[in-house]
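Values in this document were obtained by computation on a predicted structure and should not be read as measured data. Per chain, numbering begins at 1; letters A, B, ... match sequence-line order.
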Amino acid sequence: MEEGRLKKDVFIVANKKLKSRLIVGTGKYKDFKETALAVKESGADMVTVAVRRVNILDKRKPILTDYLSPKKITYLPNTAGCFNSKDALRTLRLAREMGGWKLVKLEVLGDKKTLYPNMIETLKSTKVLVKEGFKVMVYCTDDPLLAKKLEDSGASAIMPLASPIGSGLGIQNKVNISLIIKQSKVPVIVDAGIGTASDATIAMEMGCDGVLINSAIANAKNPIRMARAFKNAVISGRDSYLSGRMKKNFFASPSSPRRGLI
Amino acid sequence: MAKIQLNGKKISIKPKTTILVLLKKFKLNNKKVAIEHNGIIVPKSNFKKKYLKNNDKLEVVHFIGGG
C-alpha cells in the first residue's frame with residue numbers, strides 16, 4: 001500500500017529501461033541450469049555474456065541461449081579477455097552481427113595478474129565504437145579524470161571497478177567512486193570486486209546507479225540464495241540512498257518521548 | 001577436396017561448400033553464431049552465398065557465460 005505512494009524509480013541505460021539495478025554476469029557457474037536459476041533469483045533483466053569460439057567437435061554441448069533466452073533478458077556482450085583495442089573491437093563487431101546487439105560492455109585489460117583495465121586502449125576503443133553506432137558501457141579504473149574523458153567520448157555508462165575482478169575485496173576507494181558519481185551525467189555502475197551483498201548496498205547508498213556482480217554470486221556456497229541476497233541488497237541500498245539518511249550525532253537521542261514519563 | 005581452418009582446426013571440405021552448408025554439417029544454428037571469414041565478418045544474409053576455398057580461415061563464435 002505504502003509502495004504505491006512512493007515515486008517510481010526508473011533505471012535507464014542507453015535509452016533502455018531496466019527493472020533491476022542489478023546486472024549479473026553469467027560466468028563461473030557450475031552449469032547453465034545453475035546460471036539460469038541464479039539469474040532468475042537475482043531479478044536482473046540484463047546479463048553479461050562473453051563471445052568465444054564454438055566447440056565444433058562437441059556437437060551436443062549445451063549452449064547458454066537455450067537456458068537464458070535473449071528475447072526475455074537483455075544480453076550485454078563483453079570483451080572479457082581482450083588485452084588490446086583491436087581484439088575488443090573485433091569481439092564486439094562479431095557480437096553485433098550475432099543478434100543485432102548495439103548495447104555492449106567494453107573492457108580492455110592491461111595486466112594479467114590484476115586484470116586492471118588498460119585505459120589508453122579503453123578510451124581509444126570507446127571512441128571507435130561510438131562512431132560505429134554502438135552504445136558502450138565501459139569498464140574502467142576509478143580515476144575521475146579518465147571517467148570524465150570516457151563520458152565525453154560518448155560512453156553510455158561508466159563502470160568503475162570497486163577492486164580487481166573476482167577479488168571480492170569490495171569498494172576500495174569510496175572517495176573516487178563518489179567523485180565519479182557526482183560528476184557523471186550517464187549512469188555509474190560499479191563493476192568488479194564486490195564480495196558480498198552489503199558491498200552492493202554500500203555502493204547503492206553512495207549513489208551508484210547500479211552494480212554488476214558475477215563472482216560474488218557464482219562463487220558463493222549457495223549461488224542461488226546469494227543471487228536473491230544481492231537483489232534485496234541493491235533494492236535496499238537504492239531506497240536508502242533515495243530516502244536520505246539521518247545525520248550522524250556524537251551523543252544519544254532517545255527514541256521515546258520524555259513527556260508523560262511515570 | 002579443399003582444406004580450410006575452422007576455429008583453428010584443419011578440416012577438409014567438399015568443393016563448392018558454402019558457409020551455410022558447413023554450419024549444417026556441424027549442426028550449428030546459423031541464427032546463434034557469428035562468422036569471420038579470413039578476418040572479415042560475414043553478414044548472416046551472405047552465409048548461403050559465400051563459398052569456401054582452399055586455405056580459408058573461418059572463425060565461428062557464439063555467446064557463452066561471462067562476467
Would you give the length of the straight line joining atom [atom1] of [X] to atom [atom2] of [Y], rounded to the nearest 0.5 angstrom?
X	Y	atom1	atom2	answer
A:Arg90	B:Ile41	CZ	CD1	8.5 Å
B:Leu23	A:Ile56	CG	CD1	11.0 Å
B:Phe63	A:Ile63	CZ	CD1	11.5 Å

Does any backbone or side-chain atom of [X] lie under 4.5 Å from a heavy atom of chain B? Answer side chain, backbone, both or neither.
X	result
A:Leu94	both
A:Ala192	neither
A:Lys28	neither
A:Tyr75	side chain

Test item: [X] side-chain N/O and [Y] main-chain N/O as donor-acceptor pair under 3.5 Å:
X	Y	result
B:Lys32	A:Thr65	no
A:Glu97	B:Lys44	yes
A:Asn78	B:Gly67	yes

Could you look at [X] and say if it's the side chain, the backbone, both or neither that has a heavy atom under 4.5 Å from chain A?
X	result
B:Ile64	both
B:Ile35	backbone
B:Lys31	backbone

* Do A:Arg93 and B:Glu36 meet the salt-bridge criterion of a basic N to acidic O distance under 4.0 Å? -> no
* Charged N-O contact under 4.0 Å between B:Glu59 and A:Arg53 -> yes
* To do: Report the C-alpha separation of B:Val61 and A:Val54 in whole Å, then their side-chain angles, then the decisive distance to 0.1 Å, and conclude whether the side chain to side chain contact (heavy atoms under 4.5 Å, CB included) test is met.
  => CA-CA 5 Å; B:Val61 298; A:Val54 168; 5.6 Å; no
